[in-house]
Asks: 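Please find one structure pasted underneath; my questions will follow.
Counting starts at 1 for both ligands and their atoms, following the listed order. Along the sequence shown, residues are numbered consecutively beginning with 1. Just so it is clear, the structure is predicted and the values come from calculations on it, not from any experiment.
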Amino acid sequence: MTSVPDFLESLEAALARCHHLLDDAASRRDAPMHTPVVSTLGVDGQPRSRVVVLRAFNAPNNALRFHTDRRSDKARELSLDPRIAMLFYDPAEKMQMRIEGNATLHSDDEIADEAWRSSQAMSKLCYATEPPPGALLSHAHAFDLPRDRAAAEIGRPNFMAISVSVAALEWLWLGAGGHRRALYRFKQSGINASWLVP
Ligand SMILES: Cc1cc2nc3c(=O)[nH]c(=O)nc-3n(C[C@H](O)[C@H](O)[C@H](O)COP(=O)(O)O)c2cc1C
């Protein structure tokens with residue numbers, strides 16, 4: 001039987017553990033939380049989810065970052081309604097994390113430039129696809145995606161970094177030794193933390 005880890009017996013220690021997992025997720029490609037699910041509200045009100053790569057987590061600023069194509073549906077959806085939800089799960093840690101927040105879109109500023117500079121050539125190539133992501137095709141191969149690394153810079157005008165300011169974080173730990181769940185709301189005045197029934 002797995003006992004409940006000590007760090008889950010305190011709201012502060014559990015939040016520190018979540019921050020550690022997010023740090024690890026942003027820096028390690030094979031971390032389970034490296035590829036969270038991001039949900040937005042569709043222009044028709046339909047919730048829409050997709051996997052992205054977590055590129056950065058900044059604990060002091062309580063902010064995350066991922067990258068996308070500015071021509072994508074999610075970019076358009078977030079430009080109309082910045083509310084965003086992110087879902088992370090690490091089976092070895094037995095930990096689910098749900099984050100709610102607000103997205104800020106960066107295309108032509110220093111944050112976007114720095115995110116672009118720190119991207120690998122292989123990642124940059126994805127932004128050079130024509131026609132834009134999500135466009136209807138007459139057949140499976142009817143689009144261009146340059147493979148030549150020399151073409152990596154072509155996609156810069158389509159690149160967008162999305163910063164998420166975390167408004168709420170909820171974790172759920174399901175183990176054989178007992179379950180735990182807690183919610184943190186981040187306000188100007190400080191953190192409002194509570195245990196919840198799992
Ligand atoms: C492992 C994996 C990682 C992905 N990473 C990203 C990413 O970092 N950014 C992104 O825009 N799409 C990423 N995608 C593709 C999205 O899941 C999605 O299919 C695409 O962005 C179109 O989404 P949209 O039409 O809702 O904008 C990834 C998909 C997978 C399977």
Side-chain angles (χ1 to χ4, degrees), residues 21-58 61 63-93 95-147 149 151-166:
L21 290 174
L22 290 171
D23 260 336
D24 186 48
S27 57
R28 198 162 56 82
R29 286 170 62 113
D30 56 354
M33 293 187 173
H34 188 56
T35 47
V37 172
V38 161
S39 300
T40 51
L41 279 176
V43 287
D44 54 0
Q46 172 74 35
R48 299 236 155 70
S49 301
R50 77 287 284 162
V51 170
V52 300
V53 172
L54 182 68
R55 299 292 177 179
F57 172 59
N58 183 326
N61 290 349
L64 308 164
R65 196 184 76 234
F66 64 94
H67 301 164
T68 197
D69 193 306
R70 72 194 294 181
R71 303 167 298 171
S72 67
D73 285 350
K74 72 181 91 45
R76 177 168 156 68
E77 288 162 4
L78 288 168
S79 72
L80 296 170
D81 189 333
R83 288 176 299 169
I84 191 165
M86 297 180 75
L87 176 68
F88 302 79
Y89 178 56
D90 184 329
E93 285 278 332
M95 185 70 106
Q96 168 182 272
M97 253 189 276
R98 298 201 289 183
I99 281 177
E100 290 180 6
N102 284 290
T104 307
L105 311 185
H106 304 274
S107 298
D108 300 314
D109 58 12
E110 184 47 39
I111 290 178
D113 287 342
E114 175 51 32
W116 180 257
R117 274 195 297 275
S118 63
S119 297
Q120 306 218 338
M122 239 179 64
S123 308
K124 289 179 171 178
L125 284 173
C126 299
Y127 299 96
T129 181
E130 289 293 347
L136 291 176
L137 297 178
S138 55
H139 59 275
H141 306 288
F143 67 97
D144 287 327
L145 177 60
R147 295 274 164 210
R149 283 171 181 240
E153 297 304 315
I154 296 175
R156 175 63 186 92
N158 300 325
F159 175 76
M160 177 177 271
I162 299 188
S163 309
V164 177
S165 165
V166 179

Asks: About how many Å separate CG of L41 and CZ of R83, when rounded to the nearest 0.5 Å?
Replies: 5.5 Å

Asks: Which residues pass the side chain to side chain donor-acceptor pair (under 3.5 Å) test with Q46, sequence neighbours left out?
Replies: none

Asks: Examine the side chains of S118 and R55 and answer whether a donor and an acceptor come within less than 3.5 Å of each other.
Replies: no

Asks: Let me have the donor-acceptor pairs involving side chains of residues 29-37, under 3.5 Å, with sequence neighbours excluded, atom names and distances please.
Replies:
residue, atom, partner, partner atom, Å
D30, OD1, R28, NH1, 3.0
H34, ND1, A25, O, 2.6

Asks: Could you pull out the closest heavy-atom pair between F66 and K74, with the gap in Å?
Replies: CE1-CD, 4.2 Å

Asks: Tell me which residues fall inside the under-4.0 Å heavy-atom shell around ligand 1.
Replies: R50, V51, V52, V53, H67, T68, S72, D73, K74

Asks: Only pairs at least two apart or in different chains count here, so list each ring pair (Phe, Tyr, Trp, His ring centres under 6.0 Å) that has a residue in residues 125-146.
Replies: Y127-F159

